[in-house]
Amino acid sequence: MDSSQKNKLTIGMLARTAGIGVETVRYYQRRGLLEVPKKSVGRLRAYGEKHLVQLWLIKHAKELGFTLAEITKLASYVEERQCSAIQALAQQKLRAIAEQIRFLEKARKALRNLASGCASGCDENCPAIRVFRANGFGSVGKR
(Lines give C-alpha, C1' and ligand atoms only; values in the text may rest on other atoms or scores of the structure.)
Protein backbone atom coordinates (compact mmCIF):
# COMPACT_ATOMS: atom_id res chain seq x y z
CA MET A 1 0.00 0.00 0.00
CA ASP A 2 1.60 3.29 -1.08
CA SER A 3 1.23 6.56 0.86
CA SER A 4 -1.55 7.90 -1.37
CA GLN A 5 -3.65 4.80 -0.64
CA LYS A 6 -3.10 5.01 3.12
CA ASN A 7 -5.26 8.14 3.32
CA LYS A 8 -8.07 6.77 1.15
CA LEU A 9 -9.14 3.63 2.93
CA THR A 10 -12.78 2.60 3.21
CA ILE A 11 -13.89 1.14 6.51
CA GLY A 12 -13.71 -2.34 4.96
CA MET A 13 -10.16 -1.81 3.69
CA LEU A 14 -9.15 -0.37 7.07
CA ALA A 15 -10.61 -3.34 8.92
CA ARG A 16 -8.94 -5.89 6.60
CA THR A 17 -5.57 -4.14 6.85
CA ALA A 18 -5.81 -4.10 10.67
CA GLY A 19 -6.97 -7.72 10.74
CA ILE A 20 -10.30 -7.05 12.43
CA GLY A 21 -13.95 -6.88 11.40
CA VAL A 22 -15.85 -3.82 10.22
CA GLU A 23 -18.28 -4.10 13.15
CA THR A 24 -15.30 -4.06 15.51
CA VAL A 25 -14.11 -0.81 13.91
CA ARG A 26 -17.58 0.67 14.37
CA TYR A 27 -17.67 -0.53 17.98
CA TYR A 28 -14.35 1.16 18.71
CA GLN A 29 -15.73 4.33 17.13
CA ARG A 30 -18.83 4.22 19.36
CA ARG A 31 -16.61 3.70 22.40
CA GLY A 32 -14.51 6.72 21.45
CA LEU A 33 -11.36 4.69 20.87
CA LEU A 34 -11.19 5.45 17.16
CA GLU A 35 -11.75 8.78 15.52
CA VAL A 36 -14.62 8.94 13.02
CA PRO A 37 -13.59 10.87 9.88
CA LYS A 38 -16.02 13.24 8.23
CA LYS A 39 -17.87 12.00 5.17
CA SER A 40 -16.35 13.02 1.87
CA VAL A 41 -18.22 14.34 -1.16
CA GLY A 42 -19.02 10.77 -2.22
CA ARG A 43 -20.69 10.22 1.20
CA LEU A 44 -17.96 7.74 2.19
CA ARG A 45 -15.60 8.17 5.09
CA ALA A 46 -11.95 8.18 4.10
CA TYR A 47 -9.73 6.53 6.68
CA GLY A 48 -6.01 7.08 6.77
CA GLU A 49 -2.79 5.92 8.32
CA LYS A 50 -3.66 7.60 11.63
CA HIS A 51 -6.72 5.36 11.96
CA LEU A 52 -4.67 2.29 11.13
CA VAL A 53 -2.12 3.17 13.80
CA GLN A 54 -4.95 3.67 16.32
CA LEU A 55 -6.37 0.24 15.48
CA TRP A 56 -2.97 -1.42 15.78
CA LEU A 57 -2.50 0.19 19.20
CA ILE A 58 -5.92 -1.08 20.32
CA LYS A 59 -5.28 -4.56 18.94
CA HIS A 60 -1.82 -4.84 20.49
CA ALA A 61 -3.00 -3.50 23.85
CA LYS A 62 -5.86 -6.04 23.88
CA GLU A 63 -3.35 -8.83 23.19
CA LEU A 64 -1.45 -7.63 26.28
CA GLY A 65 -4.61 -7.95 28.34
CA PHE A 66 -5.64 -4.33 28.64
CA THR A 67 -9.36 -3.62 28.95
CA LEU A 68 -11.03 -1.12 26.63
CA ALA A 69 -11.19 1.39 29.51
CA GLU A 70 -7.45 0.96 30.05
CA ILE A 71 -6.83 1.23 26.31
CA THR A 72 -8.69 4.55 26.29
CA LYS A 73 -6.27 5.84 28.93
CA LEU A 74 -3.29 4.27 27.17
CA ALA A 75 -4.20 5.86 23.84
CA SER A 76 -4.45 9.30 25.42
CA TYR A 77 -1.11 8.78 27.18
CA VAL A 78 0.49 7.79 23.88
CA GLU A 79 -1.05 10.79 22.11
CA GLU A 80 0.20 13.13 24.86
CA ARG A 81 3.56 11.33 25.11
CA GLN A 82 3.12 10.68 28.84
CA CYS A 83 5.72 7.96 29.24
CA SER A 84 5.49 7.83 33.04
CA ALA A 85 1.70 7.31 32.86
CA ILE A 86 2.19 4.53 30.27
CA GLN A 87 4.76 2.92 32.53
CA ALA A 88 2.45 3.15 35.57
CA LEU A 89 -0.42 1.55 33.62
CA ALA A 90 1.91 -1.23 32.44
CA GLN A 91 3.07 -1.86 36.03
CA GLN A 92 -0.55 -2.01 37.18
CA LYS A 93 -1.31 -4.55 34.43
CA LEU A 94 1.76 -6.60 35.43
CA ARG A 95 0.51 -6.77 39.03
CA ALA A 96 -2.95 -7.86 37.86
CA ILE A 97 -1.46 -10.56 35.63
CA ALA A 98 0.74 -11.79 38.49
CA GLU A 99 -2.40 -12.12 40.64
CA GLN A 100 -4.18 -14.03 37.86
CA ILE A 101 -1.19 -16.37 37.55
CA ARG A 102 -1.27 -17.04 41.32
CA PHE A 103 -4.99 -17.84 41.12
CA LEU A 104 -4.51 -20.10 38.08
CA GLU A 105 -1.65 -21.95 39.77
CA LYS A 106 -3.90 -22.64 42.78
CA ALA A 107 -6.68 -23.80 40.47
CA ARG A 108 -4.29 -26.07 38.56
CA LYS A 109 -3.05 -27.63 41.81
CA ALA A 110 -6.59 -28.20 43.06
CA LEU A 111 -7.65 -29.73 39.74
CA ARG A 112 -4.61 -32.01 39.66
CA ASN A 113 -5.45 -33.21 43.16
CA LEU A 114 -9.06 -33.73 42.15
CA ALA A 115 -8.11 -35.60 38.98
CA SER A 116 -5.55 -37.82 40.70
CA GLY A 117 -8.03 -38.61 43.47
CA CYS A 118 -10.29 -40.32 40.96
CA ALA A 119 -7.53 -42.47 39.48
CA SER A 120 -8.77 -45.60 41.25
CA GLY A 121 -12.31 -45.25 39.93
CA CYS A 122 -15.38 -43.41 41.10
CA ASP A 123 -17.50 -44.74 43.91
CA GLU A 124 -18.84 -43.33 47.18
CA ASN A 125 -15.30 -43.23 48.63
CA CYS A 126 -13.88 -41.19 45.76
CA PRO A 127 -12.21 -38.03 47.14
CA ALA A 128 -13.65 -35.94 44.31
CA ILE A 129 -17.21 -37.01 45.10
CA ARG A 130 -16.63 -36.35 48.81
CA VAL A 131 -15.31 -32.84 48.09
CA PHE A 132 -18.24 -31.94 45.86
CA ARG A 133 -20.83 -33.43 48.21
CA ALA A 134 -19.28 -31.59 51.15
CA ASN A 135 -19.83 -28.38 49.21
CA GLY A 136 -23.45 -29.16 48.39
CA PHE A 137 -23.01 -30.36 44.83
CA GLY A 138 -24.16 -33.92 45.50
CA SER A 139 -27.72 -32.82 46.12
CA VAL A 140 -28.20 -30.88 42.90
CA GLY A 141 -31.30 -32.13 41.13
CA LYS A 142 -32.30 -34.40 44.05
CA ARG A 143 -35.35 -33.68 46.19
Side-chain angles (χ1 to χ4, degrees), residues 1-122 126-143:
M1 178 182 316
D2 66 37
S3 61
S4 66
Q5 290 175 310
K6 284 185 181 178
N7 291 317
K8 297 179 183 176
L9 298 172
T10 65
I11 193 169
M13 293 164 58
L14 177 73
R16 272 190 305 281
T17 303
I20 61 174
V22 170
E23 286 306 312
T24 303
V25 173
R26 290 188 177 121
Y27 177 73
Y28 292 157
Q29 289 174 329
R30 288 191 303 273
R31 292 287 308 258
L33 286 165
L34 183 67
E35 180 184 310
V36 181
K38 291 184 175 26
K39 289 185 178 180
S40 66
V41 177
R43 307 228 357 114
L44 292 176
R45 298 187 193 282
Y47 294 86
E49 189 170 3
K50 176 182 179 182
H51 300 97
L52 196 52
V53 169
Q54 288 174 322
L55 284 177
W56 283 333
L57 181 142
I58 294 166
K59 189 175 178 181
H60 183 62
K62 282 187 69 176
E63 289 169 352
L64 293 176
F66 287 98
T67 65
L68 292 182
E70 292 168 331
I71 293 170
T72 300
K73 290 179 190 177
L74 183 62
S76 73
Y77 297 156
V78 169
E79 182 75 24
E80 298 166 8
R81 299 176 194 258
Q82 294 183 14
C83 293
S84 61
I86 294 169
Q87 185 179 22
L89 194 58
Q91 289 293 335
Q92 180 182 341
K93 183 52 68 181
L94 276 172
R95 286 189 296 275
I97 288 172
E99 185 61 34
Q100 286 176 318
I101 290 169
R102 281 191 290 279
F103 171 80
L104 290 171
E105 288 292 337
K106 282 183 181 179
R108 178 170 52 185
K109 182 179 178 184
L111 287 169
R112 279 186 178 153
N113 289 340
L114 191 60
S116 68
C118 287
S120 62
C122 283
C126 174
I129 291 174
R130 283 198 313 267
V131 167
F132 284 114
R133 283 205 171 145
N135 291 299
F137 292 110
S139 60
V140 173
K142 294 182 182 177
R143 299 243 169 200

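The structure displayed is predicted, hence computed values, not measured ones.
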Just so I know, are the side chains of [X] and [Y] near enough to count as touching, which here means a heavy-atom distance under 4.5 Å?
{"X": "Ile58", "Y": "Phe66", "result": "no"}
{"X": "Arg31", "Y": "Leu68", "result": "yes"}
{"X": "Leu9", "Y": "His51", "result": "no"}
{"X": "Arg26", "Y": "Ile11", "result": "yes"}

Which atom names give the shortest non-hydrogen contact between [X] and [Y], and what distance separates them?
{"X": "Thr10", "Y": "Tyr47", "result": "C-CD1, 3.8 Å"}
{"X": "Glu35", "Y": "Gln54", "result": "N-OE1, 3.6 Å"}
{"X": "Ala15", "Y": "Val25", "result": "CB-CG2, 3.9 Å"}
{"X": "Leu14", "Y": "Gly48", "result": "CD1-O, 4.4 Å"}

Would you compute the distance between atom [atom1] of [X] and atom [atom2] of [Y] and round it to the nearest 0.5 angstrom?
{"X": "Tyr77", "Y": "Cys83", "atom1": "OH", "atom2": "SG", "result": "12.5 Å"}
{"X": "Glu80", "Y": "Ile86", "atom1": "CD", "atom2": "CD1", "result": "9.5 Å"}
{"X": "Ile97", "Y": "Leu104", "atom1": "CD1", "atom2": "CG", "result": "11.0 Å"}
{"X": "Arg30", "Y": "Glu23", "atom1": "CZ", "atom2": "CD", "result": "6.5 Å"}

Could you tell me which residues satisfy side chain to side chain contact (heavy atoms under 4.5 Å, CB included) with [X], sequence neighbours excluded, listed by chain and number?
{"X": "Glu99", "result": "Arg102"}
{"X": "Ala18", "result": "Ile20, Leu52, Leu55, Trp56"}
{"X": "Thr72", "result": "Leu33"}

Report task. Sort and list the pairs that fulfil salt bridge (Lys or Arg N to Asp or Glu O under 4.0 Å) and have at least one residue in residues 55-74, not counting sequence neighbours. Result -> Glu70-Lys93
Report summary line: With sequence neighbours left out, the residues meeting salt bridge (charged side-chain N to carboxylate O under 4.0 Å, His left out) with Arg108 are Glu105
Query raised in the report: Are Val36 and Arg45 close enough, and set up right, to give a side-chain contact (heavy atoms from CB on, under 4.5 Å), and what steps lead you there?
Result: CA-CA 8 Å; Val36 181; Arg45 298 187 193 282; 3.6 Å; yes
Report summary line: The side chain to side chain donor-acceptor pair (under 3.5 Å) partners of Arg81 (sequence neighbours excluded) come to none
Query raised in the report: Lys109 and Lys106: side-chain contact (heavy atoms from CB on, under 4.5 Å), yes or no, with the steps?
Result: CA-CA 5 Å; Lys109 182 179 178 184; Lys106 282 183 181 179; 5.8 Å; no
Requested in this report: Using atom types as modelled and distance alone, determine if a side-chain donor or acceptor of His60 lies under 3.5 Å from a backbone N or O of Leu57.
Outcome: no
